[in-house]
*Asks:* 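Sharing a structure, written as structure tokens. Questions coming.
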Amino acid sequence: MAEYAKPRGTADILPDDALEWQFVEKTAQQLFESYQYREIRTPIFEHTEIFERGVGDTTDIVTREMYTFTDRGGRSVTLRPEGTAGVARAFVENRLYGGPLPAKLYYNGPMFRYETPQAGRYRQFYHYGVEVIGTDDPRSDAEVIEVADRLLRTMGIESFGLELNSVGCPVCRADHKVRLLEHLEPVRQDLCTDCQERFEKNPLRILDCKKDGNNPTVLSAPTITDSLCDSCAGHFAAVKMYLDAMAIPYQVVKTMVRGLDYYTQTAFEFVESSIGAQSTILGGGRYNGLIRMLGGPDLPGIGFAGGIERLLLARAAHGLKSAPQNHPDAYVIALGEAAREASVRVLYALRQAGISADADYSGHGLKAQLKAADRVGATFALLIGDDEVKSGTVAVRNMATKEQTSVNETAVVATIAEHTGRQG
RNA sequence: GUGGGCGUGGCGAAGUGGUUAACGCACCGGAUUGUGGCUCCGGCACUCGUGGGUUCGAUCCCCAUCGCUCACCCCA
């Protein structure tokens, strides 16, 4: 039993798993850059008010899920629970609005939320995401959704569904809220305790409550989607038109609400049923008031974030694996004291030449060392014993064919390079 | 925060109220001298998560506690 264990909800990404992570991170980076997004890296912690204001101080994230602490200077800081607020802060603080707009940014990194862990949910988890700040053209909504769609497909995920909705702007949302509450007031007492609370805080959620979702009055309640102002309705129609133009399938889900206050108009989720109850593999939407709320100009924005762990779960569920680990071209085996110095020389020369090489430091017998060479998948085993030391040679053994030749030490690098074609 | 399942050697996994707790994998060593992947032989458990309790006696029974895991809520 290990005496020390990692904190709840965190994970060690071990070398075998890291191969998959590298694949996902590299693939995402290449894709984003081909769409002309540029990377931005922001701090992993921010002043707490960034999230309180940006994400919204009534949201679950802010009210019960943040890792917040007071630093030695007495400031309240918080480990970022999501990426957009920090990017927005950086956009404003560094006056990126003075540059070409829209700014197209992408990021990748750890996020933190104090939640009870379960499949696809962790306290430290990783997001990749993009933000387009400075345009509210519905073509940018469609582009962001298309990037997300392409990303998942590039990762080998094909079985997801795209759920789409518009949650309106502050104007139509306020208008809708009044009508919704009027509609629900008569049955208010009949709703579940969760929904009683949602009544004031977030009435939109009542519409897709699992318990009350079948209540006739709830079912007949006006949805935000059907209550959009002309401007928002037009925007939503245009987004759908552009998605159709790219033949991206989607399903309008009128009850879908996203959990962060900054969302306006377009909201979307990519859902993958193979990864457990937490089936949202990627989510995003438009946030037209956020930049201004954080002290910047009144610029609109849209973006998405996806969870790497959930993507990996989906890949695993579909049996997808990236390339296996690389094996050394040469594995140096020394037998006896006298051979050790020569083995160091040979290993150094190989690496100097850019050849992937490793050596056995076990001091075990030849048999065990050859076994080790086999285990790491070495192409060649280089044997150095008393005989080789005396003659200044190295026995070069092809592990696959078992052919073994004696090569002068000075010619070892050339011999290996020739056979592997990997000389640097 | 709430509920279900689980916690046996590095990993996977049996098991019983009572002398030495299966097995598989991995690992280490050996099967003629300096030669691998197969086979054979051998080796490898100071607390059966932790702390109490019941009992003549508990890894198996009870309580507590910690941890893991799945689900609710919500989200990526």
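Letters A, B, ... mirror the listed sequences (proteins, then strands); counts begin at 1.
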*Asks:* Base, sugar-phosphate alone, or nothing: which one does Y122(A) contact when heavy atoms must sit under 4.0 Å apart?
*Replies:* base

*Asks:* Does NZ or CZ of K26(A) come closer than 6.0 Å to the centre of the six-membered ring of F23(A), within 45° of the ring's axis?
*Replies:* no

*Asks:* Need one value for L383(A): base, sugar-phosphate or nothing, where a base atom within 4.0 Å counts as base even if backbone is also close, heavy atoms only.
*Replies:*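 Since a base atom lies under 4.0 Å of L383(A), the category is base.
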
*Asks:* Need one value for G276(A): base, sugar-phosphate or nothing, where a base atom within 4.0 Å counts as base even if backbone is also close, heavy atoms only.
*Replies:*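 Sugar-phosphate only.
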
*Asks:* Under the 3.5 Å rule, do the base of C73(B) and the side chain of R64(A) count as making a donor-acceptor pair?
*Replies:* yes

*Asks:* What is the distance, to the nearest angstrom, from the OH atom on Y263(A) to the P atom on A76(B)?
*Replies:* 6 Å

*Asks:* Look at the side chain of Q118(A) and the base of C74(B), then say whether one donor and one acceptor between them are separated by less than 3.5 Å.
*Replies:* no

*Asks:* Applying the Watson-Crick and G-U wobble criteria at under 3.5 Å, what pairs with U19(B)? Answer none if nothing qualifies.
*Replies:*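 Across any shown strand, U19(B) pairs with none.
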
*Asks:* How far, in whole Å, is C68(B) from G53(B) if one measures between their P atoms?
*Replies:* 28 Å

*Asks:* Would you kindly check whether a donor in the side chain of Q404(A) faces an acceptor in the base of U35(B), or vice versa, at under 3.5 angstrom?
*Replies:*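 Under the 3.5 Å cut-off, the side chain and the base do form a donor-acceptor pair.
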
*Asks:* Under 4.0 Å from OP1 or OP2 of C27(B): is there any side-chain N or O of R375(A) that close?
*Replies:* yes

*Asks:* Using atom P in both nucleotides, what's the gap between G42(B) and G51(B) to the nearest angstrom?
*Replies:* 36 Å

*Asks:* Within the 4.0 Å heavy-atom criterion, would you say M399(A) contacts the bases, only the backbone, or no part of the nucleic acid?
*Replies:*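 Base, at least one base heavy atom under 4.0 Å.
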
*Asks:* Toward the 5' end of RNA chain B, which comes first, Y114(A) or A395(A), by nearest nucleotide?
*Replies:* Y114(A)

*Asks:* Any strand is fair game: report the nucleotide pairing with U47(B) by Watson-Crick or G-U wobble, both distances under 3.5 Å, or none.
*Replies:*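 Here U47(B) is not engaged in any pair, so there is no nucleotide opposite it.
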
*Asks:* Would you check if P328(A) and V376(A) make a side-chain contact, meaning some heavy-atom pair closer than 4.5 Å?
*Replies:* yes

*Asks:* Should L370(A) and I333(A) count as side-chain neighbours, where that means a heavy-atom distance under 4.5 Å?
*Replies:* yes

*Asks:* Y4(A) OH to C66(B) C1': how many Å, rounded?
*Replies:* 16 Å

*Asks:* For RNA chain B, whose closest nucleotide is more 5', that of D60(A) or that of A373(A)?
*Replies:*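 With D60(A) and A373(A) compared, the 5'-side residue is A373(A).
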
*Asks:* Can you tell me the pairing partner of C6(B) across any strand shown, Watson-Crick or G-U wobble, with both distances under 3.5 angstrom?
*Replies:* G67(B)

*Asks:* Assess the residue pair Y106(A) and Y37(A) against the criterion (ring-ring contact (aromatic ring centres under 6.0 Å, His included)); give the C-alpha distance rounded to whole Å, side-chain angles, the decisive distance to 0.1 Å, and a yes or no.
*Replies:* CA-CA 6 Å; Y106(A) 76 88; Y37(A) 288 76; 7.6 Å; no

*Asks:* Rounded off to whole Å, could you give me the CG-to-P distance for the L335(A) and U33(B) pair?
*Replies:*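 Taking CG of L335(A) and P of U33(B), I get 13 Å after rounding.
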
*Asks:* Give the rounded distance in Å between these two atoms: CG of L260(A) and P of A76(B).
*Replies:* 6 Å

*Asks:* Taking the minimum atom-to-atom distance to the side chain of E65(A), which one of C74(B), C72(B), A76(B) wins?
*Replies:* C74(B)

*Asks:* Could you let me know what G42(B) is paired to, Watson-Crick or G-U wobble, both distances under 3.5 Å, or none if it's on its own?
*Replies:*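 Its partner is C28(B).
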
*Asks:* Rounding to the closest angstrom, what is the interatomic distance between A45(B) and G10(B) at atom C1'?
*Replies:* 12 Å

*Asks:* Determine, for Y114(A) and R123(A), whether the Lys NZ or Arg CZ falls below 6.0 Å from the six-membered ring centre while staying within 45 degrees of the axis.
*Replies:* yes

*Asks:* Considering Watson-Crick and G-U wobble pairs with both distances under 3.5 Å, what does U35(B) pair with?
*Replies:*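 Pairing partner: none.
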
*Asks:* Taking only Lys NZ, Arg NE, NH1 and NH2, and the carboxylate oxygens of Asp or Glu, determine whether E46(A) and R89(A) approach each other closer than 4.0 Å.
*Replies:* yes

*Asks:* How long is the line joining NZ of K6(A) and P of C68(B), in whole Å?
*Replies:*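 Those two atoms, NZ and P, are 7 Å apart.
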
*Asks:* Could you check how far CD of E115(A) sits from P of C74(B), rounded to whole Å?
*Replies:*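 One finds 11 Å between P of C74(B) and CD of E115(A), rounded.
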
*Asks:* When the C1' atoms of U8(B) and A13(B) are compared, how many Å lie between them, rounded to an integer?
*Replies:* 9 Å

*Asks:* Expressed as a whole number of angstroms, how long is the span from R310(A):CZ to C70(B):P?
*Replies:*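 It works out to 12 Å between those atoms.
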
*Asks:* What's the gap between C61(B) and U2(B) when it is taken at their C1' atoms, as a whole Å value?
*Replies:* 28 Å

*Asks:* Could you tell me whether T116(A) contacts a base, only the sugar-phosphate backbone, or nothing, with contacts defined as non-hydrogen atoms closer than 4.0 Å?
*Replies:*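 Result for T116(A) = base.
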
*Asks:* Please measure how far the C1' atom in C60(B) lies from the corresponding atom in C74(B), and state the result in whole Å.
*Replies:*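 Roughly 40 Å separates the two C1' atoms.
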
*Asks:* Is the Y287(A)-Y262(A) ring centre distance short of 6.0 angstrom?
*Replies:*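 Y287(A) vs Y262(A): aromatic centres under 6.0 Å.
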
*Asks:* Can you name the closest pair of heavy atoms from A314(A) and S274(A) and give their distance?
*Replies:*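 Smallest heavy-atom distance, with atoms named: CA-OG, 4.1 Å.
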
*Asks:* Are any of Q278(A)'s side-chain N or O atoms less than 4.0 Å away from OP1 or OP2 of C72(B)?
*Replies:* yes

*Asks:* Can you identify which nucleotide, out of G36(B), A71(B), A76(B), has its nearest atom closest to the R397(A) side chain?
*Replies:*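 Selected nucleotide (nearest to the side chain): G36(B).
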
*Asks:* Let me know the distance between CG of D386(A) and P of U33(B), rounded to the nearest Å.
*Replies:* 16 Å

*Asks:* Could you work out the separation of C27(B) and G9(B) based on their C1' atoms and round it to a whole Å?
*Replies:*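 Result for the C1' pair: 12 Å, nearest Å.
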
*Asks:* Could you please name the option among A71(B), C73(B), A76(B) that lies closest to any side-chain atom of R198(A)?
*Replies:* C73(B)

*Asks:* Tell me what E269(A) touches on the nucleic acid: a base, only sugar-phosphate, or nothing, going by heavy atoms under 4.0 Å.
*Replies:*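 Touches nothing.
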
*Asks:* Given the P atoms of U59(B) and G18(B), what is the spacing between them in whole Å?
*Replies:* 11 Å

*Asks:* Base, sugar-phosphate, or nothing for E388(A), non-hydrogen atoms under 4.0 angstrom?
*Replies:* base

*Asks:* Watson-Crick or G-U wobble partner for G1(B), using a 3.5 Å limit on both distances?
*Replies:* C72(B)

*Asks:* For C68(B) and R8(A) - does any side-chain N or O of the residue sit under 4.0 Å from the phosphate oxygens OP1/OP2?
*Replies:*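 So the side chain of R8(A) is within the cut-off, an N or O lying under 4.0 Å from OP1 or OP2 of C68(B).
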
*Asks:* Do the charged groups of E39(A) and R41(A) touch, with an N to O distance under 4.0 Å?
*Replies:*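 Yes, this pair counts.
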
*Asks:* Under 4.0 Å, heavy atoms only, any strand: does K367(A) hit a base, just the sugar-phosphate, or nothing?
*Replies:*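 Base, at least one base heavy atom under 4.0 Å.
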
